[in-house]
Amino acid sequence: MRFIGNKENIINKIYLILQSKNIVGERFFDFFSGTTNVAKFYKKHNYQVFSSDLLYFSYCLQKAYIENNEKPKFLDLLDNIIVNDESLFASPLEKVLNYLNNIERVKGFIYENYAPKGSGKRMYFSDDNAMKIDAIRTKIESWKNDKLITNDEYYILLSCLIETVSFYSNVAGVYAAFQKKWDPRALKPIRLREIEIINNKKDNKVYNVDSLTLCKEIEIDILYLDPPYNER
C-alpha cells in the first residue's frame, strides 16, 4: 500500500536486529498496526500475532491478513451471482473480484466528495474510478447485510478494495491533499487486487481500540511500538 510510514522496506532489518540481540518469543504485539506490514511479516514467521489500531481501515486489513487463516470460499455468494470468468482455475476470490471489476458504476460518497465532477470538485480519484469504488463498496455492504458472505469474507473483500485504491489515488502518500495534476496511474481504470491469505495456524487476535487499553489484557513476548510521529 502507498502509505507514508509503512515499514515494508525495513521489516527484515527489524527482524535481524531482534535476532542479533537474541530477543526471542512466540507472541508478538504490533501496537500501532497501520498497514499491517509488520504484523504480516511476523505472522509468516510463525508467531502468534496480536495487532491493534484506532484507524478502521487498519482494522479491516488486520481482520483479513492477521486474524483470518482461511481462503474464502464464498459458498452462498457464488450461488447468487453470475460470474463471467473463462478461467477454469480461478479461485472463489478471483471469481468474486472479477464480478466486482465489471460492476455497474454508482455515484455515491466517494464520487461526491473526492472526484472532479462531484460536489466537492476534488481530484483524489478520476470520476469513473470514484463511481466504481462507490459501486464496489456498496455491493460488499449489501452482500453482508443479505448474509451472502461471512464476516471473514466481508473483511477480505474490504481489504482488497482498500489495498487497490491506493494504487489509483492522486495523492503523494496520505489523503490530506490531492495533487494538482493527474498522476498517470490515477487515470488508469481501477481493477481490484487479490490480497494474500496467510495461514500460520495460530489464534491471532486483532483490535480496533486504543492500544494502551490492551496492555494489561494481553500476555506477550515482543512488543513492537511504531507510534504516529507527525502533526497528522
Student: Return the minimal non-hydrogen interatomic distance between Tyr59 and Val206, and the atom names on each side.
Tutor: CE1-CG2, 3.9 Å
Student: Rounded to the nearest 0.5 Å, how far apart are NZ of Lys71 and CG of Asn199?
Tutor: 9.5 Å
Student: How many angstroms lie between CG in Leu214 and CZ in Phe29, if you round to the nearest 0.5 Å?
Tutor: 5.0 Å
Student: Quick one: CG on Leu97 to OG1 on Thr164, what's the gap to the nearest 0.5 Å?
Tutor: 7.5 Å
Student: Do Asn200 and Asn69 touch side chain to side chain, with heavy atoms closer than 4.5 Å?
Tutor: yes
Student: Short question: side chain of Lys132, backbone of Asn101 - any donor-acceptor pair under 3.5 Å?
Tutor: yes
Student: Flag yes if Leu148 and Tyr99 sit in one hydrophobic cluster, no otherwise; membership is Ile, Leu, Val, Met, Phe, Trp, Tyr, and two members link when side-chain heavy atoms are under 4.5 Å apart.
Tutor: yes
Student: If hydrophobic clusters are built from ILVMFWY residues whose side chains come within less than 4.5 Å, do Val209 and Ile218 share one?
Tutor: yes
Student: Which residues pass the salt bridge (Lys or Arg N to Asp or Glu O under 4.0 Å) test with Lys139, not counting sequence neighbours?
Tutor: none
Student: Side chains of Tyr124 and Ser169, heavy atoms from C-beta outward: is any pair under 4.5 Å?
Tutor: no
Student: Lys43 side chain to Tyr65 main-chain N or O, any donor-acceptor pair under 3.5 Å?
Tutor: yes
Student: Flag this pair as yes if the NZ/CZ of Lys13 is under 6.0 angstrom from the six-membered ring centre of Tyr15 and inside a 45 degree cone about the axis; otherwise no.
Tutor: no
Student: Does CD belonging to Glu141 count more than 12 external heavy atoms closer than 6.0 Å?
Tutor: yes
Student: Is a donor on one side and an acceptor on the other found under 3.5 Å between the side chain of Gln62 and the backbone of Ser52?
Tutor: yes
Student: Taking salt bridge (Lys or Arg N to Asp or Glu O under 4.0 Å) as the definition, give me every residue that meets it alongside Asp203, ordered by chain and number, with sequence neighbours left out.
Tutor: Lys205
Student: Could you check whether any side-chain N or O of Thr36 sits under 3.5 Å from a backbone N or O of Ala39, counting only pairs where one atom can act as donor and the other as acceptor?
Tutor: no
Student: Taking the side chain as C-beta and beyond, is there a heavy-atom pair between Phe31 and Asp226 under 4.5 Å?
Tutor: no
Student: Please report the C-alpha distance between Ile66 and Lys40 in whole Å, then the side-chain angles of each, then the deciding distance to 0.1 Å, and finally whether the side chain to side chain contact (heavy atoms under 4.5 Å, CB included) criterion is met.
Tutor: CA-CA 6 Å; Ile66 309 306; Lys40 283 190 292 183; 3.9 Å; yes
Student: Suppose we screen for side chain to side chain contact (heavy atoms under 4.5 Å, CB included). Which residues come up paired with Ser91, at least two apart in sequence or across chains?
Tutor: Leu93, Glu94, Glu194
Student: Taking a hydrophobic cluster as the set of Ile, Leu, Val, Met, Phe, Trp and Tyr residues connected by side-chain heavy atoms closer than 4.5 Å, whether directly or through intermediates, do Phe167 and Ile156 fall within one such cluster?
Tutor: yes
Student: Might you work through the side chain to side chain contact (heavy atoms under 4.5 Å, CB included) test for Leu75 and Asp79, ending with a clear yes or no?
Tutor: CA-CA 7 Å; Leu75 296 176; Asp79 286 337; 5.9 Å; no
Student: Assess the residue pair Phe74 and Trp143 against the criterion (ring-ring contact (aromatic ring centres under 6.0 Å, His included)); give the C-alpha distance rounded to whole Å, side-chain angles, the decisive distance to 0.1 Å, and a yes or no.
Tutor: CA-CA 11 Å; Phe74 296 105; Trp143 286 341; 7.7 Å; no
Student: Is a side-chain N or O of Asn170 found less than 3.5 angstrom from the main chain of Met123, in a donor-acceptor match?
Tutor: yes
Student: Would you sort out whether Lys63 and Asn151 count as a side chain to side chain contact (heavy atoms under 4.5 Å, CB included), showing the intermediate values?
Tutor: CA-CA 9 Å; Lys63 291 287 287 184; Asn151 196 52; 3.9 Å; yes
Student: Can you tell me how far CG of Leu61 sits from CG of Asp53, rounded to the nearest 0.5 angstrom?
Tutor: 9.5 Å
Student: From the options Lys202, Arg27, Lys201, select the one residue that forms a side chain to side chain donor-acceptor pair (under 3.5 Å) with Gln48.
Tutor: Arg27
Student: Would you say CD1 of Ile82 has more than 12 non-hydrogen atoms from neighbouring residues, nucleotides or ligands within 6.0 angstrom?
Tutor: no
Student: Can you measure from CG (Leu157) to CD1 (Ile195) and round to the nearest 0.5 angstrom?
Tutor: 8.5 Å
Student: Show me, pair by pair, the donor-acceptor contacts under 3.5 angstrom made by side chains of residues 109-117, not counting sequence neighbours?
Tutor:
residue, atom, partner, partner atom, Å
Glu112, OE1, Ser119, N, 3.2
Glu112, OE1, Ser119, OG, 3.2
Asn113, ND2, Phe109, O, 2.9

Student: With a 4.5 Å cut-off on side-chain heavy-atom distances among I, L, V, M, F, W and Y, is there a chain of contacts connecting Leu225 to Ile11?
Tutor: no
Student: Report yes if the side chains of Asp76 and Lys147 come closer than 4.5 Å at any heavy-atom pair, otherwise no.
Tutor: no
Student: Considering all heavy atoms of both residues, which atom of Leu78 and which atom of Lys73 are nearest to each other, and what is their separation?
Tutor: CD1-O, 3.8 Å
Student: For residues Leu18 and Tyr42, determine if any side-chain heavy atom of one lies less than 4.5 Å from a side-chain heavy atom of the other.
Tutor: yes
Student: Can you name the closest pair of heavy atoms from Gly118 and Asp127 and give their distance?
Tutor: N-OD1, 4.5 Å
Student: Report yes if some heavy atom in the side chain of Leu158 is under 4.5 Å from a heavy atom in the side chain of Arg137; otherwise report no.
Tutor: yes
Student: Kindly indicate, with the supporting measurements, whether the criterion side chain to side chain contact (heavy atoms under 4.5 Å, CB included) is fulfilled by Tyr207 and Thr213.
Tutor: CA-CA 11 Å; Tyr207 304 89; Thr213 64; over 6 Å; no
Student: Do you reckon Ile14 sits in the same ILVMFWY cluster as Leu223, going by side-chain contacts under 4.5 Å, direct or chained?
Tutor: no
Student: Side chains of Ile133 and Ile190, heavy atoms from C-beta outward: is any pair under 4.5 Å?
Tutor: yes
Student: So does Asp134 get a backbone contact from the side chain of Thr138, meaning a donor-acceptor N/O pair under 3.5 Å?
Tutor: yes
Student: Can you find a heavy atom in the side chain of Phe125 that is under 4.5 Å from one in the side chain of Phe178?
Tutor: no
Student: Relative to each other, are the rings of Phe28 and Tyr224 parallel, tilted or perpendicular (30° and 60° limits)?
Tutor: parallel
Student: Suppose the criterion is salt bridge (charged side-chain N to carboxylate O under 4.0 Å, His left out): which pairs have a residue in residues 210-223, not counting sequence neighbours?
Tutor: none
Student: Return the minimal non-hydrogen interatomic distance between Pro72 and Glu153, and the atom names on each side.
Tutor: CB-CG, 3.8 Å
Student: Identify, with sequence neighbours excluded, every residue that meets side-chain hydrogen bond (donor to acceptor under 3.5 Å, both in side chains) alongside Asn129.
Tutor: Ser126
Student: Let me confirm one number: the CD1-CG distance from Ile103 to Leu192, rounded to the nearest 0.5 Å.
Tutor: 9.5 Å
